[in-house]
Amino acid sequence: MKRLVLILMMLASPVFAVQPDEVLDDPVLEQRARDLSAGLRCLVCRNESIDESNADLARDLRLLLRERLVAGDTDEQAIAFIVDRFGEYVLLKPTTSGSNLLLWLAGPIMLLIAAAVGLNFLRARAKAHASVDSAALSDDEKERLRQILED
């Protein structure tokens, strides 16, 4: 029973790939490192943080981050150092400035363009349908239609 509870607790807790030899002696620094590494993407695993990844590159990034924190960098300086070295792709939540602004706005802009095209199409179709309805059949056409329906 105790084993089952232990297994369930392990499955319910977040999975971290941080090795014991990576853990810093200072618990405050270690917590800062964990908080920062949760926002950094593993460049091998793509959508995993470096804390969750077992890849060698993720381990190198975790060690680099801890080195920067031990050297006295602020959180922003440590993240900036890693971003300068590996690019903004390393951030799980990219910034919304500069060229990334276009990427953030592209989705809503495309949605608005699609809505405008769709609305324009529906208006043109309704207008065409209204013009067909307004053209009444001539007497000859009505007679011919009646004959066709009777046969």
message = If I take atom CG from residue L122 and atom NZ from residue K127, how far apart are they, to the nearest 0.5 angstrom?
response = 15.0 Å
inquiry  = Less than 4.5 Å apart, side chain to side chain, heavy atoms only: is that true for L40 and L92?
reply    = no
query = Should L64 and R85 count as side-chain neighbours, where that means a heavy-atom distance under 4.5 Å?
reply = yes
Nearest atoms (heavy-atom pairs only) where Y89 meets R41 = O-NE, 2.7 Å
query = Taking atom CD of E67 and atom CG of D60, what is their separation to the nearest 0.5 Å?
reply = 9.5 Å
message = Looking at R146, I want to see if its CZ is surrounded by more than 12 non-hydrogen atoms of other residues, nucleotides or ligands under 6.0 Å.
response = yes
note = Tightest non-hydrogen contact, residues L69 and A78, listed as CD2-CB, 4.2 Å
message = So for atom CG, which belongs to D56, do other residues, nucleotides or ligands contribute more than 12 heavy atoms lying within a distance under 6.0 Å?
response = no
Heavy-atom pair of closest approach, residues S37 and R34 = OG-O, 3.2 Å
ask   = Are any non-hydrogen side-chain atoms of L57 and I50 less than 4.5 angstrom apart?
value = no
ask   = Short question: side chain of E52, backbone of S49 - any donor-acceptor pair under 3.5 Å?
value = yes
task = Grab the two heavy atoms, one from L65 and one from A33, that are nearest each other, plus how far apart they are.
result = CD2-O, 3.6 Å
request  = Go through the steps to decide whether D35 and Q31 satisfy the test side chain to side chain contact (heavy atoms under 4.5 Å, CB included), and finish with yes or no.
outcome  = CA-CA 6 Å; D35 292 342; Q31 187 58 48; 2.9 Å; yes
message = Any side-chain to backbone donor/acceptor pair from Q77 onto T74? Under 3.5 Å, distance only.
response = yes
key: Heavy-atom pair with the smallest gap, counting every atom of R62 and S53   = NH1-O, 2.9 Å
request  = Hey, could you give me the CG/CG distance between L61 and L36, rounded to the nearest 0.5 Å?
outcome  = 12.5 Å
query = Are L111 and V117 connected in the hydrophobic side-chain network, where two residues link if heavy atoms are under 4.5 Å apart?
reply = no
query = Can you find a heavy atom in the side chain of I79 that is under 4.5 Å from one in the side chain of L91?
reply = yes
Rounded distance [0.5 Å steps], CD1 in I109 versus CG in L102 = 7.0 Å
